[in-house]
Amino acid sequence: MEAWRNRPLGEIRYLILDARYEKMRAGGIVRDAAVLSAIGIGPDERRRVLGVSVALSEAEVHWRGFLDDLVARGMRGVEFIVSDDHAGLRAARRAVLGAATWQRCQFHLAANAVHHAPNIAIRERIGAELRSIWNAPTLAKAQVALDELVAGYRDTAPSLATWLENAVPEGLAVFTLPEHHRRRLRTSNLIERAVQQELKRRTVKVRVFPNDQALLRLVSAVLVEIDETWASDNKAYIKWECRNG
């Protein structure tokens with residue numbers, strides 16, 4: 001497992017980052033431990049699990065150490081990053097991979113919008129209103145749809161309107177990608193469904209890990225299985241020939 005976690009990496013064009021939490025004993029008490037993971041897509045057009053780390057939080061120092069380790073192992077060429085907007089991850093991403101374009105996960109954005117909605121009626125419709133923006137054919141039309149949505153809430157829900165105006169553009173970076181790539185990169189669902197759900201299925205049986213090494217061993221074993229399955233898949237996940245198509 002250690003050899004797999006430290007194996008050399010290479011060119012990675014698209015990077016997806018996420019974390020989940022597990023119960024772990026540390027210092028004689030049960031703590032929430034963050035399992036940081038990364039998926040990349042490189043020139044071979046396949047998905048790869050790049051690495052995993054266990055930390056006591058998603059603080060910048062932990063995310064930055066994780067990203068620094070990926071770079072030290074040879075990861076290069078990152079053009080586009082997909083993640084949520086956790087403060088620690090945001091700061092680490094800017095420090096280590098600041099040149100890459102960042103896409104804020106649209107699924108998480110929609111969930112955040114619900115929390116900012118001031119009443120039930122708006123909470124029930126805001127998701128569909130955002131989907132009309134996500135599904136626009138071009139960035140220009142998405143921006144027009146966003147401007148109209150913000151204007152519609154400016155008087156009735158001013159706090160929501162301000163949040164939409166500031167936050168939603170962070171979910172529009174995907175429009176800079178070729179159309180054929182957008183569906184794959186608009187959210188972090190790739191890592192949520194393929195990795196996090198499988199980790200949850202396997203770790204739920206343990207409930208509380210005795211220490212960080214036990215947690216790291218199990219999640220590493222699960223991720224190795226996923227990585228080997230993806231490596232044996234003959235079907236491309238992203239076709240680079242579509243970059244200009």
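Cluster annotation: W134 and I122 are assigned to the same hydrophobic cluster (Ile/Leu/Val/Met/Phe/Trp/Tyr, side-chain heavy-atom contacts under 4.5 Å, transitive). No continuous path of hydrophobic side-chain contacts links M75 to I39 [ILVMFWY only; heavy atoms under 4.5 Å]. Linking ILVMFWY side-chain heavy atoms closer than 4.5 Å, directly or via other members, places I12 and I238 in two distinct hydrophobic clusters. L190 and V35 fall within a single hydrophobic cluster, where Ile, Leu, Val, Met, Phe, Trp and Tyr side chains are chained together by heavy-atom contacts under 4.5 Å. Note: the hydrophobic cluster containing F175 also contains I16 (ILVMFWY, side chain heavy atoms under 4.5 Å, direct or indirect links).
Taking a 6.0 Å sphere around CZ of R193, one finds it holds 12 or fewer heavy atoms contributed by other residues, nucleotides or ligands. Environment of CZ in R183: sparse, with no more than 12 heavy atoms of neighbouring residues, nucleotides or ligands closer than 6.0 Å.
Here I41 contributes atom CD1 and E79 contributes atom CD; the two are 11.5 Å apart, rounded to the nearest 0.5 Å. The distance from the CG atom of L97 to the CZ atom of R76 is 14.0 Å, given to the nearest 0.5 Å. Within the model, atoms CD1 of I81 and CG of L185 stand 11.5 Å from one another, a figure rounded to the nearest 0.5 Å. For the atom pair CD of E170 and SG of C105, the computed distance is 12.5 Å after rounding to the nearest 0.5 Å. Considering OG1 of T203 and CD of E198, their distance stands at 9.5 Å, rounded to 0.5 Å. The structure places CZ of R48 at 5.5 Å from CG of L9, a figure rounded to the nearest 0.5 Å.
Nearest heavy atom pair, residue V54 against residue A33, reads CG1-CB, 4.2 Å. Annotation for F80 and V174: closest pair CZ-CA, 3.8 Å, computed over non-hydrogen atoms. For the residue pair V204 and R207, the shortest heavy atom distance occurs at O-CG, 3.4 Å. When every heavy atom of V195 is checked against every heavy atom of W230, the shortest pair comes out as CG2-CH2, 4.3 Å.
Although no hydrogens or angles enter the test, the distance criterion places a donor-acceptor pair under 3.5 Å between the side chain of R46 and the main chain of N234. Between the H108 side chain and the R104 main chain, no donor and acceptor come within less than 3.5 Å of each other. Of the possible donor and acceptor atoms, none in the side chain of N189 sits under 3.5 Å from a partner among the backbone N and O of E192. Using a distance-only test at 3.5 Å, with no hydrogens or angles considered, no donor-acceptor pair links the side chain of D69 to the main chain of G65. The closest donor-acceptor contact from the side chain of R123 to the backbone of V114 lies at 3.5 Å or more, if one exists at all. For Q103 (side chain) and G171 (main-chain N/O), a donor-acceptor pair under 3.5 Å exists by modelled atom type.
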Exercise. Which is it for R94 and E60 under the salt bridge (charged side-chain N to carboxylate O under 4.0 Å, His left out) test, yes or no, and what are the steps along the way?
Worked result: CA-CA 10 Å; R94 288 172 173 171; E60 178 187 357; over 6 Å; no
For this session: Starting from the C-alpha separation in whole Å, work towards a yes-or-no answer on side-chain contact (heavy atoms from CB on, under 4.5 Å) for V168 and V150.
Result: CA-CA 10 Å; V168 173; V150 169; over 6 Å; no
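The shortest side-chain heavy-atom distance between H180 and K239 does not fall under the 4.5 Å cut-off. Considering only heavy atoms from C-beta on, L130 stays 4.5 Å or farther from L109 through its side chain. The shortest distance between side-chain heavy atoms of E11 and P43 falls below 4.5 Å. Side chains of I191 and S37 form a contact here, defined as non-hydrogen atoms less than 4.5 Å apart. The shortest distance between side-chain heavy atoms of L215 and N211 does not fall below 4.5 Å. In this structure, M24 and D212 have side chains that are in contact, with non-hydrogen atoms separated by less than 4.5 Å. With a 4.5 Å cut-off on side-chain heavy atoms, P118 and L160 count as touching. Proximity of V96 to V71: side-chain heavy atoms (C-beta onward) are separated by under 4.5 Å at one or more points.
The pair D32-K23 meets the salt-bridge criterion, since a charged nitrogen lies less than 4.0 angstrom from a carboxylate oxygen. Using a cutoff of 4.0 Å between basic side-chain nitrogens and carboxylate oxygens, R20 and E22 are scored as salt-bridged. Of the charged side-chain nitrogens involved, none lies within less than 4.0 Å of a carboxylate oxygen, so that E179 and R182 do not count as a salt-bridged pair.
A34 meets the side chain to side chain contact (heavy atoms under 4.5 Å, CB included) test with Y21, L36, E58; sequence neighbours excluded. Remark: H86 engages no residue in a ring-ring contact (aromatic ring centres under 6.0 Å, His included) (not counting sequence neighbours). Not a single ring-ring contact (aromatic ring centres under 6.0 Å, His included) links W102 to another residue, sequence neighbours left out. Qualifying side chain to side chain contact (heavy atoms under 4.5 Å, CB included) partners for E124, counting only residues two or more places apart in sequence or in other chains: I120. With sequence neighbours excluded, the residues forming a side chain to side chain contact (heavy atoms under 4.5 Å, CB included) with A38 are L15, L17, L50, F66, L70, listed by chain and number.
Side-chain N/O atoms of Y153 and E129 include a donor and acceptor closer than 3.5 Å. Using a 3.5 Å distance cut-off with no hydrogens or angles, the side chains of R186 and Q106 do pair a donor with an acceptor. Remark: the H62 side chain and the S53 side chain contain no N/O donor-acceptor pair separated by less than 3.5 Å.
Close placement of the Y14 and H181 rings is indicated, their centers lying within 6.0 Å of each other.
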Residues 216-228, side-chain donor-acceptor partners within the protein, below 3.5 Å, at least two apart:
residue : atom : partner : partner atom : Å
S220    : OG   : R5      : NH1          : 2.7
S220    : OG   : L216    : O            : 2.7
E225    : OE1  : R202    : NH1          : 3.1
E225    : OE2  : R202    : NH2          : 3.4
D227    : OD1  : V49     : N            : 3.0
D227    : OD2  : W4      : NE1          : 3.4

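Taking the centre and axis of the six-membered ring of W240, the NZ or CZ atom of R13 falls inside the cone set by 45° and 6.0 Å. For the pair R184 and Y237, the cation-pi criterion (under 6.0 Å, within 45° of the ring axis) is fulfilled.
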